[in-house]
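When a residue number appears, it is its place in the shown sequence, counting from 1. Keep in mind that what you see is a predicted model, and the values were worked out from it rather than measured. Only heavy atoms go into these numbers, but all of them, side chains included; no hydrogens, no water, no symmetry mates.
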Amino acid sequence: MPINILMPALSPTMEVGNLAKWHVKEGDTVSAGDVIAEIETDKATMEVEAVDEGTVAKILVAEGAEEVAVNAIIAVLAEEGEDASAITVPSATPVAAPPAAAPPEAVITPAATPAPAAASVPPAPTVASPAATNGALVSGAGRIVASPLARRLANDAGIELGAVTGTGPHGRIIKRDIEQAQTSGAGKAATGASAPAAAPKGMADDAVMKLFEAGSFETVPHSSMRKIIAQRLTEAKSTIPHFYLTLDCELDALLALRAQINAAAPEIDGKPAYKVSVNDMVIKSLALALMAVPDANATWTDGAMLLHQHADVGVAVSIPGGLITPVVRRADEKTLSTIANEMKDMAGRARDRKLKPEEYQGGTTAVSNLGMFGIKDFSAVINPPHATILAVGAGEKRPVVKDGALAIATIMSVTLSTDHRAVDGALGAQLLTAFKRYIENPMGMLV
């Protein structure tokens, strides 16, 4: 009996992914555990392993195909003894092809409502049995078949699902169909008391382009990562009531301790076993501060507050095309050398897009450090499900008053962004004060 290979969900929220590469071709024999393909999401490229053994009978989704829906059939295996050439392609599964390159004059799409170039949208698959109304697939119960994300985007944009043609598996309406409808203007709900107004999305592409001289700019289509970053940050700023607390911390004692720790590192194969950075000590200090102020180690949900038992600290890492936030789990329990080595490993794999979803999802707080760029202070946007994020500026020599006399000290400004639903002003102040205590008395991290 043929075995269908489905597009895997690499995270609980994943709806589509890109099939970056096949490691097998039709006719190849595979065993359970063999790597057969690479799937690309907005954050990482993951290897897909075969869970059964057999012969690759049909490859249904071409290498390079984008926005392949989760659970779509991407290939078919023939079991031992089956004639691979006799297996037929499932009739309701479209054979996807790589998208055509966008032409030079392609229209730029707004970050909040990205739309792929028309050439990249495959034709709607032919579906034999269910009825369709104005191009939309309708279930036997009369309900239009669409993904939850597509329904939300359609509602926000004031688009009637019944006027949208689905290009997902079995004619399902997915995100790209709504984006295409926004670009073409199709499916707009009639105006009037019964039709909700679409949320403002910013200036239209053609209006923006008219502000600049023709030929004076280059159009660069948004990557999947950039689209997701734009979507999530827009949602975060729109839905999370941010407020900000800033504090200055003296670094001289921390810098001295860091030098001692690194000087004491044993050598392995001629290299130090670890090299602790200021950022590693910031991670540890924030984790310990959350343990000292446990009510701030929280996540807001509509039904309840989640109070976490450990401090899992995400760290913003810049990668080509955007950023990713690998998470140091249980940072409150780990030594500085362990945190240093974990961050070195995860930052390297993040830049190669080799992190596993469980390594960058979740977390209870985050650190964003722009000090290495000389930035004095800034405010970071909270990344749900976190209730806080710490923005870290550069350490610099500043004049300070000590015991009534002017002195020079190395000062670092930090700004805590907090979700006011979960962390009130006084609670946020307690957290930041606890963080400052560990930074200025760093021996407390070692006991």
_Listed once per pair and sorted, the salt bridge (Lys or Arg N to Asp or Glu O under 4.0 Å) pairs that draw on residues 284-306, sequence neighbours left out_ =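 Found none.
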*Parallel, tilted or perpendicular: which fits the ring planes of His420 and Phe243, with parallel below 30° and perpendicular above 60°?*
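Geometry flag for Phe243 against His420: tilted rings.
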If you define the side chain from C-beta out and look only at heavy atoms, does anything of [X] sit under 4.5 Å from [Y]?
{"X": "Val423", "Y": "Leu431", "answer": "no"}
{"X": "Val68", "Y": "Asn18", "answer": "no"}
{"X": "Val315", "Y": "Ile283", "answer": "yes"}
{"X": "Phe217", "Y": "Met209", "answer": "yes"}
{"X": "Thr299", "Y": "His386", "answer": "no"}
{"X": "Leu60", "Y": "Ile74", "answer": "no"}
{"X": "Lys436", "Y": "Ile439", "answer": "no"}
{"X": "Val317", "Y": "Pro326", "answer": "yes"}

*asked:* Tell me whether Glu440 at atom CD has more than 12 heavy atoms from other residues, nucleotides or ligands lying less than 6.0 Å away.
replied: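 Counting other residues, nucleotides and ligands, CD of Glu440 exceeds 12 neighbours.
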*Is the CD atom of Glu267 crowded by more than 12 outside heavy atoms at less than 6.0 Å?*
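Check passes, neighbour count above 12.
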Distance-only side-chain donor-acceptor flag, [X] / [Y], under 3.5 Å:
{"X": "Asp177", "Y": "Thr167", "answer": "yes"}
{"X": "Asp377", "Y": "Thr415", "answer": "no"}
{"X": "Arg329", "Y": "Thr364", "answer": "no"}

Side-chain donor/acceptor pairs under 3.5 Å, residues 253-264, sequence neighbours excluded:
from, atom 1, to, atom 2, distance (Å)
Arg258, NE, Val276, O, 2.8
Asn262, OD1, Val276, N, 2.7
Asn262, ND2, Val276, O, 3.0

Tell me if a side-chain donor or acceptor on [X] pairs with a main-chain N or O of [Y] at a distance below 3.5 Å.
{"X": "Asp28", "Y": "Lys25", "value": "yes"}
{"X": "His310", "Y": "Asp332", "value": "no"}
{"X": "Asp34", "Y": "Ala50", "value": "no"}
{"X": "Ser238", "Y": "Thr234", "value": "yes"}
{"X": "Asp252", "Y": "Thr410", "value": "yes"}

*Taking only residues two or more places apart in sequence, or in another chain, which ones meet Arg421 in a side chain to side chain donor-acceptor pair (under 3.5 Å)?*
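Only Asp419 meet the side chain to side chain donor-acceptor pair (under 3.5 Å) criterion with Arg421.
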*asked:* Against Glu359, only a single residue in Arg353, Lys354, Arg349 fulfils salt bridge (Lys or Arg N to Asp or Glu O under 4.0 Å); can you say which?
replied: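 For Glu359, the salt bridge (Lys or Arg N to Asp or Glu O under 4.0 Å) test succeeds with only one of Arg353, Lys354, Arg349, which is Arg349.
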